[in-house]
Q: 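The structure under discussion is supplied below as structure tokens; questions concerning it will follow.
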Amino acid sequence: MNDEDQRDEADLPAPAVPETAHPATGTLSPERVAAKALETRLLGGERKLRRREVAAGAGLSLLSARKLWRALGFPNFGDDDVAFTERDQAALSTVVDLVRTGVLTEEAAISVTRSIGQMTDRMVVWQIEALVEDMVHEQGVTDAVARKRLVKELPSLLDALEEMLVYSWRRQLNAGVQRLAVRAEAGLQASEEGRDGDEDDAPLPLARAVGFADLVSYTSLSRRMNEKTLARLVQRFENKCAEIISVGGGRLVKTVGDEVLYIAETPAAGAEISLALAQAFTEDEILPEARVAMVWGRILSRLGDIYGPTVNLAARLTTLADPGTVLIDSMTASALDQDKRFILVPQPAENVRGFGEIHPVLLARGQGEGLVLD
């Protein structure tokens, strides 16, 4: 609320409210009591510290502390705001110690901290929306009522959610380590498949199959759907993509509305995932068909996202694909040429913005049954 709003509100007469409509002065409503108890549990205690006290306790300047808090996505607090607990100070000290002992540079510490802040922020929003939607559907209450009830019900879920978060993080980190250590040599060897070393993406560090899947006619469909139906369609799309990509050994990089971006470590794995996605949406009774494209090349991975010409070419090819089909480029086709699991059908040359003339290839199922989903 800005100052002008506050002045306007101050000029208005106070509404007549029955005394029974609010708790007595100094008494919190049941909702506020529940929210306060939940906050104390989540923050590890009551807010007793100001930002300068926390920074000093961790042996940091306020400027350095604010850099880390901003990386975590915290709002700005003033000098007089009692906004922190002893757990905030302990967390700050943990990051600071990593820098002081030389384990991380300050830049790396901020980047790692930002990754935690951004991922957990999205995760929390996702979980709250999922729980609210379930309560609306199962209990027959309004969205507003469900959100109030959730505050009271969350304490019973906290331990389980926290345990699953740590468990998943450890499993994901282990998978990342395995990709680094166990598959490094095989990945470097596979990265030369179908390439001569003169490609635009040659200087980039990672060889990956990069794919896009894009729902057909999503925009027109979304205009005809109410909020609840559209939410279910998007959730069905994301769930199906996540399942197929995971089973195929790939990684879902991100979803943006009606489009999903994914990667895999070999051309064959990327091809299997791409074909499975195209088939799944063709056979789905609710979702429309999808255009799919996949390119084998080198990429740069930063901030949980991927960059480079390979990503851009895969995006361009997606717009050229017919509904229910998978397009690849000629370099990716040469990497798959001897694999009998795939059929490669050259398509007419196309002029693509930023790439000039390219030679798309239609990817189809050859021998074998492809990915098997339970």
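We number each residue from 1, following the sequence as shown. Just so you know, these numbers use all the heavy atoms, side chains as well, and skip hydrogens, waters and symmetry mates.
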Q: Give a yes or no on whether a salt bridge exists between R51 and D79, defined as a side-chain N under 4.0 angstrom from a carboxylate O.
A: yes
Q: With the side chain counted from C-beta on, respond yes when P346 and H359 share a heavy-atom pair under 4.5 Å apart, and no when they do not.
A: no
Q: Please check: side-chain N/O of S168 versus main-chain N/O of M164, any donor-acceptor pairing under 3.5 Å?
A: no
Q: Ignoring hydrogens and angles, tell me if any N or O in the side chain of S111 forms a donor-acceptor pair with the backbone of E107 under 3.5 Å.
A: no
Q: Report whether V132 and M135 are members of the same hydrophobic cluster (ILVMFWY, side-chain heavy atoms less than 4.5 Å apart, transitive linking).
A: yes
Q: Taking all heavy atoms of M294 and all of S274, pick out the closest pair and write down the distance.
A: CB-OG, 3.4 Å
Q: Are side-chain heavy atoms of L336 and L363 found at a separation under 4.5 Å?
A: yes
Q: Roughly how far, to the nearest 0.5 Å, is CG of D80 from CZ of R52?
A: 10.0 Å
Q: In terms of hydrophobic clustering (I, L, V, M, F, W, Y; side-chain heavy atoms under 4.5 Å; direct or indirect links), are L150 and V145 co-clustered?
A: no
Q: Please answer whether the main-chain N or O of Q235 pairs with a side-chain N or O of E238 as donor and acceptor at a distance below 3.5 Å.
A: no
Q: Kindly say whether S61 contributes a backbone atom to a donor-acceptor pair with the side chain of S64 at under 3.5 angstrom?
A: no
Q: What's the separation between atom CZ in R251 and atom CD1 in I263, rounded to the nearest 0.5 Å?
A: 4.5 Å
Q: Is a side-chain N or O of R291 found less than 3.5 angstrom from the main chain of A321, in a donor-acceptor match?
A: yes
Q: Are V33 and V151 joined in one hydrophobic group, where the rule is that I, L, V, M, F, W and Y side chains link up if heavy atoms are under 4.5 Å apart?
A: no
Q: Taking T85 for the side chain and G44 for the main chain, is one N or O donor matched with an acceptor at less than 3.5 Å?
A: no
Q: Using 0.5 Å steps for rounding, measure from the CD1 atom of I128 to the CE atom of M123.
A: 10.0 Å
Q: Determine yes or no for a side-chain-to-main-chain donor-acceptor pair under 3.5 angstrom, with E350 supplying the side chain and P348 the backbone.
A: no
Q: Do you know which two heavy atoms are closest between A349 and P360, and how far apart they sit?
A: CA-CD, 4.3 Å
Q: Applying side-chain hydrogen bond (donor to acceptor under 3.5 Å, both in side chains), run through T40 and E46 and close with a yes or a no.
A: CA-CA 5 Å; T40 300; E46 292 186 11; 5.2 Å; no
Q: Between R298 (side chain only) and T310 (backbone N and O only), is there a donor and an acceptor less than 3.5 Å apart?
A: no
Q: Do you know which two heavy atoms are closest between A65 and L92, and how far apart they sit?
A: CB-CD2, 4.0 Å
Q: Hey, is CZ on R32 packed in by over 12 heavy atoms from elsewhere, all under 6.0 Å?
A: no
Q: Do R149 and Q139 have side-chain atoms, one donor and one acceptor, less than 3.5 Å apart?
A: yes
Q: Supply the atom-to-atom distance L327 CG to L313 CG, rounded to the nearest 0.5 angstrom.
A: 10.5 Å
Q: Do V54 and L42 belong to the same hydrophobic cluster, where Ile, Leu, Val, Met, Phe, Trp and Tyr are linked whenever their side-chain heavy atoms lie under 4.5 Å apart, directly or via other members?
A: no
Q: According to a 4.5 Å side-chain heavy-atom criterion applied to Ile, Leu, Val, Met, Phe, Trp and Tyr, with indirect links allowed, do L43 and W69 form part of one hydrophobic cluster?
A: no
Q: With the side chain counted from C-beta on, respond yes when P267 and F342 share a heavy-atom pair under 4.5 Å apart, and no when they do not.
A: no
Q: Drop me the distance from I110's CD1 to T105's OG1, to the nearest 0.5 angstrom.
A: 8.5 Å
Q: Find out whether I273 and L371 are in side-chain contact, i.e. whether some heavy atom of one side chain is under 4.5 Å from a heavy atom of the other.
A: yes
Q: When you look at E259 and K254, which way does the salt bridge (Lys or Arg N to Asp or Glu O under 4.0 Å) test go after all the steps?
A: CA-CA 9 Å; E259 189 172 66; K254 62 182 177 182; over 6 Å; no
Q: Inspect the contact between R114 and D121 and indicate whether a charged nitrogen and a carboxylate oxygen are less than 4.0 angstrom apart.
A: no
Q: Which pair of non-hydrogen atoms, one from F281 and one from A290, has the smallest distance, and what is that distance?
A: CD1-CB, 3.7 Å
Q: Would you call Q279 and E283 a side-chain contact if the rule is heavy atoms closer than 4.5 Å?
A: yes
Q: Salt bridge check: are E39 and K36 linked by an N-O gap of less than 4.0 Å?
A: yes
Q: Any chance the side chains of T332 and D329 put a donor and an acceptor closer than 3.5 Å?
A: yes
Q: Of the non-hydrogen atoms in R316 and F355, which two are nearest, and what is the gap between them?
A: CG-CE1, 4.2 Å
Q: For the CD atom on E369, are there more than 12 heavy atoms of other groups (residues, nucleotides or ligands in this structure) within a distance under 6.0 Å?
A: no
Q: Using atom types as modelled and distance alone, determine if a side-chain donor or acceptor of D284 lies under 3.5 Å from a backbone N or O of L287.
A: yes
Q: Could you tell me if the ring centre of Y262 sits under 6.0 Å from that of F212?
A: no
Q: If we only count heavy atoms from C-beta on, is the L38 to P155 side-chain gap below 4.5 Å?
A: yes
Q: Any salt bridge linking E31 with R147? Criterion: basic side-chain nitrogen under 4.0 Å from a carboxylate oxygen.
A: no
Q: Going by an N to O cut-off under 4.0 Å, is there a salt bridge joining K48 and E86?
A: no
Q: Minimum heavy-atom separation for A276 and I244, please, with both atom names.
A: CB-CG2, 3.6 Å
Q: Can you confirm whether V95 sits close enough to V112 that some side-chain heavy atom of one is under 4.5 Å from a side-chain heavy atom of the other?
A: no
Q: At what distance, to the nearest 0.5 angstrom, does CG of N312 lie from CD1 of I299?
A: 12.0 Å
Q: Regarding R47 and D81, does a basic nitrogen lie under 4.0 Å from an acidic carboxylate oxygen?
A: no
Q: So, does T325 use its side chain to make a donor-acceptor pair with the main chain of D322 at under 3.5 Å?
A: yes
Q: Please examine the side chains of L277 and C241, heavy atoms only from C-beta on, and report whether any two atoms are closer than 4.5 Å.
A: yes
